[in-house]
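In this chain, numbering begins with 1 at the start of the sequence shown. Start at 1 and go down the list; that is how both ligands and their atoms are numbered. Computed from a predicted model, the values in this text were never measured in an experiment.
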Amino acid sequence: MAVVALKGGVGKTTVTLGLAEAAQQRGLRVLVVDLDPQANATLGLNPKTVRFTTGDVLADARDGVAADAITAGGWGPGVDLIAAEPSLEHRNRPGDSGSALRLRRALRGVADEYDLVLMDSPPSLGEITRNGLAAATHAVVVTEPGYFALRGAEQALEAVTVVRDHTNLRLRALGVVVNRMRRTLAEHKYRWQEIADAYPQLLVSPAIPERSIIQRAEGAGVPFREAGRSGAGVGKVFDQVFGELYNRATVSASTSLGEPR
Ligand SMILES: Nc1ncnc2c1ncn2[C@@H]1O[C@H](COP(=O)(O)OP(=O)(O)O)[C@@H](O)[C@H]1O
Ligand SMILES: [Mg+2]
């Protein structure tokens with residue numbers, strides 16, 4: 001599952017980490033692949049040792065080589081990580097690394113060891129994001145309930161369609177997750193409805209609320225539930241979001257949900 005948005009700061013990493021936590025809660029085996037040179041998911045998962053990173057994996061790109069870069073996250077059993085580092089940025093120039101299929105090849109066989117592989121993407125449709133989408137079966141789009149929310153979601157879904165048509169026929173848009181929702185704001189409610197009208201089958205309910213505990217948990221490298229009572233509430237929201245996405249992913253894989261109404 002690739003978590004995407006063509007913009008920074010909307011909550012890709014937060015959603016990746018929240019879904020990883022929800023899957024761990026269900027007893028699933030999860031691998032998080034950090035594809036963002038900013039390495040925020042890596043920070044949030046707090047690994048003890050990192051020998052190889054996604055940069056090494058993309059540089060090598062032999063069949064199944066990603067297995068060598070897997071490290072245990074710091075969240076206890078069930079959540080593993082392939083870490084990122086800033087030098088990964090060098091791989092993000094279009095056409096630079098030759099192929100959008102390097103990650104897919106490197107992950108061959110590796111995903112079989114897990115119930116869920118989550119890929120956190122950088123904030124652009126560069127070479128790295130394309131590699132993530134080419135390796136994924138499902139894409140989750142993240143947006144904020146602001147002025148550009150609908151346009152942002154549209155662009156990300158268009159990017160998914162382009163990758164599906166050119167490199168990865170099995171790719172499917174699974175959902176649009178709205179992050180940083182403040183239910184008391186009329187603007188947020190309006191934007192929510194706008195997305196609901198445009199993508200009734202894709203919008204994921206509930207939205208992720210704006211909560212300062214999210215930043216604290218990520219900075220401390222712990223799951224949301226371990227960051228106090230308000231964190232437990234965030235964890236429960238992600239349980240629901242994960243449940244919804246999981247149901248969609250396991251129900252009729254043939255239905256196309258990617259087109260706006
Ligand atoms: N729902 C939220 N409530 C409060 N802070 C949030 C929320 N979602 C994200 N943040 C914070 O906003 C910043 C950007 O979020 P992040 O998930 O890193 O976005 P992206 O990965 O898309 O760049 C981070 O500091 C994160 O902790
Ligand atoms: Mg991020």
Inset, instruction - Mark the output for A41 as yes if a heavy-atom distance to ligand 1 is under 4.0 Å, and as no if none is. - result: no
Inset, instruction - Please confirm whether G11 comes under 4.0 Å of ligand 1, counting heavy atoms of the residue only. - result: yes
Distance under 4.0 Å to a non-hydrogen atom of [X]: what atoms of ligand 1 satisfy this?
X: K12; result: 17 (O), 19 (O), 20 (P), 21 (O), 22 (O), 23 (O)
X: G8; result: 23 (O)
X: P209; result: 1 (N), 2 (C), 3 (N)

Inset, instruction - Ignoring hydrogens, just give me the one of E144, Q38, E218, R211 whose non-hydrogen atom is nearest atom 4 (C) of ligand 1. - result: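 Ranked by closest heavy atom to atom 4 (C) of ligand 1, first place is R211.
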Answer yes when [X] and [Y] have at least one side-chain N-carboxylate O distance shorter than 4.0 Å, and no when they do not.
X: D80; Y: R29; answer: yes
X: D63; Y: R108; answer: yes
X: R180; Y: E210; answer: yes

Nearest neighbour in protein (non-hydrogen) for [atom]:
atom: atom 13 (C) of ligand 1; answer: R180 NH1, 4.1 Å
atom: atom 17 (O) of ligand 1; answer: T14 OG1, 2.6 Å
atom: atom 23 (O) of ligand 1; answer: G9 N, 2.7 Å
atom: atom 8 (N) of ligand 1; answer: N179 ND2, 2.9 Å
atom: atom 25 (O) of ligand 1; answer: Q215 CG, 3.7 Å
atom: atom 18 (O) of ligand 1; answer: T13 CB, 3.8 Å
atom: atom 2 (C) of ligand 1; answer: I214 CD1, 3.5 Å

Inset, instruction - Please check if V237 and V177 belong to a single hydrophobic cluster, counting links between Ile, Leu, Val, Met, Phe, Trp and Tyr side chain heavy atoms closer than 4.5 Å. - result: yes
Can you check whether [X] reaches [Y] side chain to side chain, under 4.5 Å on heavy atoms?
X: T53; Y: I82; value: no
X: L133; Y: M119; value: no
X: P206; Y: R183; value: yes

Inset, instruction - Tell me, with the steps shown, if L35 and D120 meet side-chain contact (heavy atoms from CB on, under 4.5 Å). - result: CA-CA 6 Å; L35 292 176; D120 187 16; 5.9 Å; no
Inset, instruction - For residues L107 and A135, report the shortest heavy-atom separation together with the two atoms involved. - result: CD1-CB, 4.2 Å
Inset, instruction - Taking all non-hydrogen atoms of both residues into account, name the closest pair between D68 and F52 and its distance. - result: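 Smallest interatomic distance, heavy atoms only, reads O-CD1, 3.5 Å.
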Legend entry - Pair F238 + F242: ring centers closer than 6.0 Å: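 So the answer is no for these two rings.
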Inset, instruction - May I ask you to establish whether R211 and F224 are in a cation-pi arrangement, using a distance under 6.0 Å from NZ or CZ to the six-membered ring centre and at most 45° from the ring axis? - result: no
Inset, instruction - Show all protein N/O/S atoms under 2.8 Å from the Mg ion (ligand 2), or state that there are none. - result: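 Correct list: T13 OG1.
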